[in-house]
Number of protein chains: 2
Amino acid sequence: METAQPRHTRTPRGTLSQQLLLDTAMEIVDIGGVGGFSMRALGARLNIDPTAVYRHFRTKNDLLEALADRVVRGTEPLPHSGSPLADLRETFAQLRRSLLRHPTLAPVVLRRPPGGEASWERTNHTIGLLRDAGMPDHEAANAFQTLLFYTLGHSLTEARHTAATIARKGPDATVTPVTAISPAASRYPHLAATADHLAAEMETQFHEGLGLVLAALAI
Amino acid sequence: METAQPRHTRTPRGTLSQQLLLDTAMEIVDIGGVGGFSMRALGARLNIDPTAVYRHFRTKNDLLEALADRVVRGTEPLPHSGSPLADLRETFAQLRRSLLRHPTLAPVVLRRPPGGEASWERTNHTIGLLRDAGMPDHEAANAFQTLLFYTLGHSLTEARHTAATIARKGPDATVTPVTAISPAASRYPHLAATADHLAAEMETQFHEGLGLVLAALAI
DNA sequence: ACCTGAACACCGTTCAAGT
DNA sequence: ACCTGAACACCGTTCAAGT
C-alpha cells in the first residue's frame with residue numbers, strides 16, 4: 001500500500017493551486033506527522049521552489065489551519081434518524097472519527113478557536129436535538145458542552161496514542177489499546193483492580209463514556 | 001508586576017543545575033509561550049552559552065517534558081474530606097487548575113503518555129473514591145475515564161483561550177469568557193437560544209459539566 | 001569537570017530577478 | 001502573472017577546544 005505519489009517531473013506552470021497544495025501537504029502530514037511538514041518538504045514533493053507556496057498561503061500556519069479546517073469540517077452527513085439519543089451518539093462519534101482520520105493534526109485542530117460555517121451548523125443541529133427532546137436552554141447548552149469536551153478529551157488522547165504508534169512503526173501499523181499500568185500494582189490496589197477495564201479498546205471505552213453522560217440527560 | 005528577572009552578570013561556573021534551568025525555562029514559557037522558548041533564549045537569559053544546557057538535558061524535548069512533569073504533578077494535596085462526591089469534584093478541579101497555571105504548556109502535557117509516580121498515585125486515589133462508594137470495578141473505571149477526558153477537553157480548551165489572550169495582551173491580561181457566536185444568529189436558531197449559556201464563565205461551565213457527569217454516577 | 005564557540009543541517013519568510 | 005533563487009534571521013545539536 002503506497003500513500004505517497006513521488007513526482008519526478010517538474011510541476012508545470014499554472015497547475016499550482018490551494019487544492020493541490022493542501023492535498024500534497026496532507027500526504028506529507030499523514031506519512032511523517034506535522035513535525036515532518038515544512039515548506040521545503042512541500043516544495044520538494046511537488047518539485048517546485050518552496051517559496052512558490054507563498055502565492056497561495058500567507059504563512060505556513062495558514063496552510064496548517066486550512067488542513068485543520070478539512071479535518072474538522074467532516075465528510076459525513078448530519079444524522080436525522082428520529083431518535084435524539086441515537087443522533088447524539090452518532091454526532092459525537094463522527095467528531096471522533098474526523099479527528100482520528102488524521103491523528104497528528106488533532107493538536108492543530110484543538111489550538112484553533114471554535115468556528116467556521118460547517119462547525120456552527122453542526123453545533124446548532126446538536127443543540128437542536130437536545131432542545132427538541134425537551135431540555136431547557138440552560139441544560140441543553142450544558143449538556144452539549146459536556147459531551148463536546150468529553151469527546152475532545154478522549155479523541156485527542158486516542159489521536160496522540162495513534163500518532164505515536166505511527167511514528168514508531170509506520171503509517172500502516174495496527175494500533176493496539178493503551179497498555180495500562182506498568183508500575184508495581186501492589187502499591188496501587190485500585191489501579192490493579194480496574195487495570196483490565198482501563199486498558200480496554202479505545203472505541204469501546206469512548207462509547208461507554210458517551211453512554212454515561214447521555215444517561216445523565218434523562219431524555 | 002514583574003515576572004522576569006533579567007541577569008546581566010555572567011552566571012558563575014558550577015551554578016548551573018536542572019533546578020535553575022527549569023525555573024528559568026518556566027519563566028520564559030510563562031512570558032512568551034512555548035513558541036518563545038528556545039535553547040538560545042534560555043542561554044541568553046542565564047548569560048551562558050546555549051549549548052551548556054546539554055550537560056543537563058539530552059534534548060530540548062526532554063527539557064519541555066520535565067516542565068510538563070512539573071505541571072502535571074500538581075502541588076495540592078489529595079482531598080480526604082470523607083465525602084466521595086466532594087473529593088471527586090476537588091480532584092478534577094485540581095487537575096484543571098494545574099493545567100491552567102501554565103496554559104501554554106497544556107498541549108505539551110497532552111502529548112505525553114499518562115504516567116509518572118505522582119500521576120499513578122492520584123489515579124489510584126481517585127478510582128479508590130469511586131470503588132469505596134460502592135461502584136463495581138467496570139463502572140468505576142468507566143466513570144474515572146469519563147471524568148478525566150471531560151476535564152482534559154475542557155481544560156485544554158480553556159488553556160488555549162487563555163494562552164491566546166496572553167499572547168495578544170501580555171501575561172497580566174484579564175481573560176474574558178469565550179465570546180459566543182459571531183455568525184448570523186438567525187440562521188442558527190438553537191445557537192441563538194443558548195448563546196448566553198454557551199458564553200458563560202469557563203469555571204462555572206466546568207463545574208456544571210462535572211456535576212452533570214457526577215449526577216450520572218448514583219453515588 | 002564544566003563551559004565555550006565554531007560549525008552543520010535545518011527552518012520560515014522576503015524580495016529582487018527571471019520567464 | 002507566476003515562479004525562482006539568493007539572502008536573512010532564526011532554529012537544535014555536535015564536537016573539538018579551551019579553562
Side-chain angles (χ1 to χ4, degrees), chain A residues 7-29 31-69 104-105 107-108 111-112 164 167, chain B residues 7-29 31-69 104-105 107-108 111-112 164 167:
Chain A
R7 274 168 248 271
H8 297 297
T9 56
R10 162 144 305 198
T11 302
R13 259 168 189 264
T15 55
L16 228 50
S17 64
Q18 303 214 12
Q19 261 276 2
L20 176 62
L21 288 169
L22 288 177
D23 289 343
T24 313
M26 195 67 100
E27 290 173 14
I28 295 176
V29 159
I31 296 169
V34 235
F37 173 74
S38 74
M39 299 305 244
R40 285 167 154 95
L42 180 54
R45 187 163 242 267
L46 285 167
N47 262 81
I48 55 159
D49 191 280
T51 63
V53 180
Y54 288 85
R55 288 278 140 195
H56 301 90
F57 294 93
R58 217 172 43 74
T59 62
K60 176 191 179 183
N61 202 59
D62 281 15
L63 202 157
L64 282 176
E65 299 262 294
L67 286 184
D69 246 25
T104 78
L105 280 178
V108 181
R111 73 161 192 251
R112 294 161 50 79
Chain B
R7 276 167 246 272
H8 296 298
T9 56
R10 161 143 308 197
T11 302
R13 256 167 193 268
T15 55
L16 227 49
S17 64
Q18 303 213 13
Q19 261 275 3
L20 176 62
L21 287 169
L22 287 177
D23 288 344
T24 315
M26 194 68 102
E27 289 173 16
I28 296 176
V29 159
I31 296 169
V34 233
F37 172 75
S38 72
M39 299 304 246
R40 284 166 154 95
L42 179 54
R45 188 163 242 266
L46 285 167
N47 262 81
I48 55 158
D49 190 280
T51 64
V53 180
Y54 288 85
R55 287 279 140 196
H56 301 90
F57 294 94
R58 215 172 44 75
T59 62
K60 177 190 180 185
N61 202 59
D62 281 15
L63 202 157
L64 283 177
E65 299 262 296
L67 287 185
D69 247 25
T104 79
L105 281 178
V108 181
R111 74 163 190 249
R112 291 163 51 80

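Convention: sequence-line order gives letters A, B, ...; per-chain numbering from 1. When reading the values below, keep in mind they use all heavy atoms of this one structure, side chains included, and skip hydrogens, waters and symmetry mates.
Remark: C1' of D/dC2 and CG of A/L21 are 13 Å apart, rounded to the nearest angstrom. Rounded to an integer number of Å, the gap from A/L42 CG to C/dT13 C1' is 15 Å. Computed from coordinates, the A/L20 CG to D/dC2 C1' distance equals 15 Å when rounded to whole Å. Straight-line distance from the CD atom of A/Q18 to the C1' atom of D/dC2: 15 Å, rounded to whole Å. The NZ atom of A/K60 sits 14 Å away from the P atom of C/dT14 (whole-angstrom rounding). Nucleotide D/dT14 holds its C1' atom 12 Å from the CG atom of B/D49, rounded to whole Å. Atom pair A/I28:CD1 and C/dC11:P shows a separation of 11 Å (rounding to whole Å applied). Rounded to whole angstrom, the span from the CG atom of A/N61 across to the P atom of C/dG12 amounts to 11 Å.
Nearest-nucleotide assignment on DNA chain C puts the 5′-proximal partner with B/T51, out of A/G36 and B/T51. Heavy-atom distances to DNA chain D give each of B/R55 and B/A41 a nearest nucleotide, and the one nearer the 5′ end belongs to B/A41. Where B/R40 and A/F37 meet DNA chain C, the nucleotide closest to each residue was compared, and B/R40 sits on the side nearer the 5' end.
The B/Y54 side chain lies nearest to D/dG12 when the options are C/dA6, C/dC3, D/dG12. Considering only side-chain atoms of B/T59, the nucleotide from D/dT13, C/dG5, D/dG5 that sits closest is D/dT13. Checking C/dG12, C/dT4, D/dC3 against every side-chain atom of A/A52, the shortest atom distance belongs to D/dC3.
No side-chain donor-acceptor contact under 3.5 Å links A/T59 and A/N61.
Contact check, B/S38 against D/dC11: a side-chain N or O comes under 4.0 Å of OP1 or OP2.
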